[in-house]
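First up is the structure itself, then whatever we jot down about it.
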Amino acid sequence: MNFWLAVFRQLGRNLRQTWTSQLMTLITVSLSVLIFSFFYLIYCNMLSAGGRLGNDLRLIVYLEEEPGPEMQEQLRRRITDFERVEKIRFISPEQALDLFAGQLGQNRDLLTDVPSDFLPPSMEVTPLKNLRGLHQVSLLADFLDTLPGTIKVQYGQEWVERFYAFTRLLSIIVLLSGTLLVLTATFMVSYTIRLTILGREDEIELLRLVGATNGYIRTPFLLEGVLQGCMGSALGLGSLYLLFQWTLNHFSGPSILNIFSLTFLSLPILAIIIGTAMALCGIASHISMRRALRI
Amino acid sequence: MNFWLAVFRQLGRNLRQTWTSQLMTLITVSLSVLIFSFFYLIYCNMLSAGGRLGNDLRLIVYLEEEPGPEMQEQLRRRITDFERVEKIRFISPEQALDLFAGQLGQNRDLLTDVPSDFLPPSMEVTPLKNLRGLHQVSLLADFLDTLPGTIKVQYGQEWVERFYAFTRLLSIIVLLSGTLLVLTATFMVSYTIRLTILGREDEIELLRLVGATNGYIRTPFLLEGVLQGCMGSALGLGSLYLLFQWTLNHFSGPSILNIFSLTFLSLPILAIIIGTAMALCGIASHISMRRALRI
Amino acid sequence: MTETTAPATLPMTMVEMIKVAKDYPPKVTALSDISLSIPRGEFLFLIGMSGAGKTTLLKLIAAMEQPTRGLIEVAGCDITKLKGRSLALQRRRIGMAYQDFKLLTEQTVAYNIAIAMEVAYRKPQEIHTTVRDLLEQLQLADKHDTPAGELSRGEQQRVTLARAVANDPELLLIDEPTGNLDTTTTVRVMELLRRRHTAGATLIIATHDPAIYQGSPHRTLELHRGRLHTLNPGTDPQIGKGEQA
Amino acid sequence: MTETTAPATLPMTMVEMIKVAKDYPPKVTALSDISLSIPRGEFLFLIGMSGAGKTTLLKLIAAMEQPTRGLIEVAGCDITKLKGRSLALQRRRIGMAYQDFKLLTEQTVAYNIAIAMEVAYRKPQEIHTTVRDLLEQLQLADKHDTPAGELSRGEQQRVTLARAVANDPELLLIDEPTGNLDTTTTVRVMELLRRRHTAGATLIIATHDPAIYQGSPHRTLELHRGRLHTLNPGTDPQIGKGEQA
Ligand SMILES: Nc1ncnc2c1ncn2[C@@H]1O[C@H](COP(=O)(O)OP(=O)(O)OP(=O)(O)O)[C@@H](O)[C@H]1O
Ligand SMILES: Nc1ncnc2c1ncn2[C@@H]1O[C@H](COP(=O)(O)OP(=O)(O)OP(=O)(O)O)[C@@H](O)[C@H]1O
Ligand SMILES: [Mg+2]
Ligand SMILES: [Mg+2]
């Protein structure tokens, strides 16, 4: 009881008396959290935008002849044996011609003379959304090519490759920057707290000399660190939310961001970020304290 | 003479005696520069990758009938009057059929019965590389649609729109993060230098009391700040270069990054970054000094 | 006397030093071969030239420094072996007035004194009255809420002294209490210390001021180049009274 | 005497204070209505109880604080009007030994003394010999390269004194020079100061130590509650000699 009373009195005094450097630390923590979570937010939205962009990826398999219902069943089975896919659709030469006519628009009457089996029959394979790495898709394409009766497999290789290269590059960037930023944030937090404690070395030394126990000396600083982590990260995430809203309002014209329906970080993620910041600040405080106490 | 001797002696002494906090500052500056230039590097490479990705963007204009050489000339003129384009290529129905046959592959013999003008003649317009905003491309498409004899203008609107939305989003991200990071870096540098000076307030006060002029007191700190900025940014850029090389070596498989032929920042940009860091640190030093001297 | 529980059997000897030496590497030998026994309730003067090692001796007793060689026992405990909680408890039983004051210059005078009592979980009301009382005795009543950094040196010296005695310690180590004080104030300070002595505390005062130690009935030891000499064996009737107090 | 050029006509009066007052808001009145004239070459003692305002008076003369009211002239300049470069030059002509030492604890003793001379662009060789010589005189020769923070208080006090006299100033303001010194060392310090006086420097010594000022032929002023009283008008034959030195 007495102990906690003393600790909270001390904590209150610290916060009141060194509020400028407290503010500095708070801003630093906020900025670190802001930068990190900003980056993370971008990453998440990239991923989901990437998912949506690849939504209509499908492989067209041109076949030698139209498969009967039995053959269709067999093809379906062989494909799903190799890899689970989302949808398989068979297109007869007539359907293909219709589609082609639709593409030609007003010129469709040019096709009246053409035999209905002028275009080859085909099969449209839509891969699962979670199996869309470039490698997997091309593996699937290679497999489809080995099926009996396949003439050619087409899936806009060029665009798909580009898109996945883009996504891959983004992942690398996010990974590297994320690591860098977590490092920086940790470094800054511990640096700032060390400096705060450095500014109170006199007080810590005196407390030791007049017979304060380690717990008495450390706990207020520890609580302070945790408090800093909590408030700083909350502030950082708050600013991020404001920034996010601002971006939405200013750039979300229907023409541009419609496929990027941006979403904010989910509640559990927010909780994890705040919790981590608190733990990190607490640990940084603790380490700095250990140093100071060794004097 | 005497003055500069004293200043450099003081500078050397400062660097030697407070090397731990000097190191801290150096790391901070390096990290700030590293983060910022890392981001900038990504931005530049994004831009050039974007340029390369859009390289084969072209608009296909289906025409009612094949234009004669005179008509071709006229069309060319009208288009270039509206907007400078890179290339205009006319495709006769025969060429179109050849291309189509090429796409059909082994099934090309299906086309033998088809009349040679079965496909409509068309015109392929390649826009200039620097005029490839989504808006400009669609303006151009609208214009091409109004030309006499145009049936339809096709340019893979969906992909183009997606690609430009992506690029646009990236620009926003880079702009926001860039601002954020410049803010953070500036804040950190001035904060760190203020703390360094705070640690030497005693010395500054004493120097004033024994009759040192402001120049005598300030110049070493100013030089120190500039030196910090120079070495810190050089170190940051050096680390970035190592990081860059590492990324190249580990991820530049021929299949993935071939369209992203990554390039490092150019020499003038490097010089500008280092110069700015030096100026920034110098100014931060100066401001901190002014504060300290007002005591 | 203090809240912290003293050992059940109060040992008669407060400080026992046997063959103690203290070197500061690389080349300073501050103390060499010091043997000294201070009974409970003694009032002892420690004198010596500047740099003789007075402060170092006090620091060793207060466990602020570790001796290079030798044994130091304070109130029956080998203080070189104390750690953590027991070291903290031991320190609450010792009050030291530092020669360099060690005041928190940003904090008020009241807090600077109260800190020694807060650490021992004294009641706020008790702390308040004790601080007021001490400031009154040292003629600093009007400085209660002044930041310690804004006091004159002599005022700071008295605040340091007040902090040393605030928690009613058994052992008082007073380093140069009157270096910045005029004669009148010196008398007041010495009166305060004497009252503590009468109440049972053991006192060691390091000083260079002959006005304080000359002609006093107390034992006076002189340090010279790190060695101890008895200048005045003392005829102090007070010694050994501490236990009954 | 110093490198800085003194005014062409050396005024006879070194320090002139007229109706000077100093308040520390909100409620401390450190000095009130002080009028004082100190001729060039005088050796003056300033005494008074702790908190009387001695240090404040010296700080006003050294332009470390601005007076609330009144006029202060040092060597003919109104120091409240000095700024920037001329203030710096003025300060090089004044040597002050601070009561709180103001030593750079991380730096060596030698650097702490040399700093006063470096600022005035003295030659490195000259600085070196002067520092060695001063340390010798103050019995600190073996502490040349020790960080100032590792010295005993008395040693630090002497370093402060050495720094004050190092640049050979015309006016020496010495605040409590012997607070941490034993009798023998005090004599040495006073000798050093007397030599400076003989060489022509004007000295003001604030002290509480009767051993220094009692029975001396010099003028002794007492501060009491911020007001000045003459305790001993002085029969000093040295006064006015400064100009010829
Ligand atoms: N931390 C330290 N590191 C190195 N040397 C030290 C340290 N502390 C003290 N000394 C040296 O030990 C010797 C004794 O110092 P101490 O402070 O005990 O002297 P003192 O008797 O208290 O002198 P004073 O009367 O001047 O306070 C001195 O020569 C001093 O320089
Ligand atoms: N910076 C300050 N802010 C507020 N009050 C101050 C400040 N400096 C000094 N004082 C007050 O002014 C009065 C005179 O202080 P001063 O330091 O001049 O005394 P002094 O004569 O030097 O005493 P001592 O012998 O104790 O050094 C004291 O009451 C002190 O508390
Ligand atoms: Mg001492
Ligand atoms: Mg004073």
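Remark: R196(D) pairs with D168(D) by the salt bridge (Lys or Arg N to Asp or Glu O under 4.0 Å) rule, at least two apart or across chains.
For E16(D), the CD atom counts as densely surrounded, since its 6.0 Å shell holds more than 12 non-hydrogen atoms of other residues, nucleotides or ligands. When the shell of 6.0 Å around CZ of R225(C) is examined, it contains 12 or fewer heavy atoms from other residues, nucleotides or ligands.
At a 4.5 Å heavy-atom cutoff, the contact between T185(D) and chain C is made by side-chain atoms alone. Using a 4.5 Å cut-off between heavy atoms, S152(D) touches chain C through its side chain atoms alone. Residue contact with chain C, scored on non-hydrogen atoms closer than 4.5 Å, involves the backbone and the side chain of Q99(D) alike. Proximity to chain C (any heavy atom under 4.5 Å) is restricted, for T178(D), to the backbone atoms N, CA, C and O. Residue contact with chain C, scored on non-hydrogen atoms closer than 4.5 Å, is absent for K54(D).
Close approach to chain C, defined as a heavy atom under 4.5 Å from one of its heavy atoms, is seen in K27(D), V28(D) of residues 19-38 of chain D, taken by number. Within residues 135-142 of chain C, the residues having any heavy atom less than 4.5 Å from a heavy atom of chain D are, in residue-number order, Q139(C), D142(C). For residues 204-211 of chain C, the interface with chain D (any heavy-atom pair closer than 4.5 Å) comprises H208(C), P210(C), sorted by residue number.
When the candidates L181(D), T186(D), T183(D) are compared by the number of heavy-atom contacts under 4.5 Å with chain C, L181(D) comes out ahead. Per-residue counts of heavy-atom pairs under 4.5 Å with chain C were compared for D100(D), T184(D), L151(D); the largest is that of D100(D).
Between atom CG of residue D182(D) and atom CE of residue M49(C) there is a gap of 5.0 Å, rounded to the nearest 0.5 Å.
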Checklist entry - Under the side-chain contact (heavy atoms from CB on, under 4.5 Å) criterion, do T55(D) and R153(C) qualify, and how do the steps go? => result CA-CA 9 Å; T55(D) 303; R153(C) 288 301 279 180; 5.8 Å; no

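A side-chain N or O of R158(C) and one of S50(D) form a donor-acceptor pair less than 3.5 Å apart.
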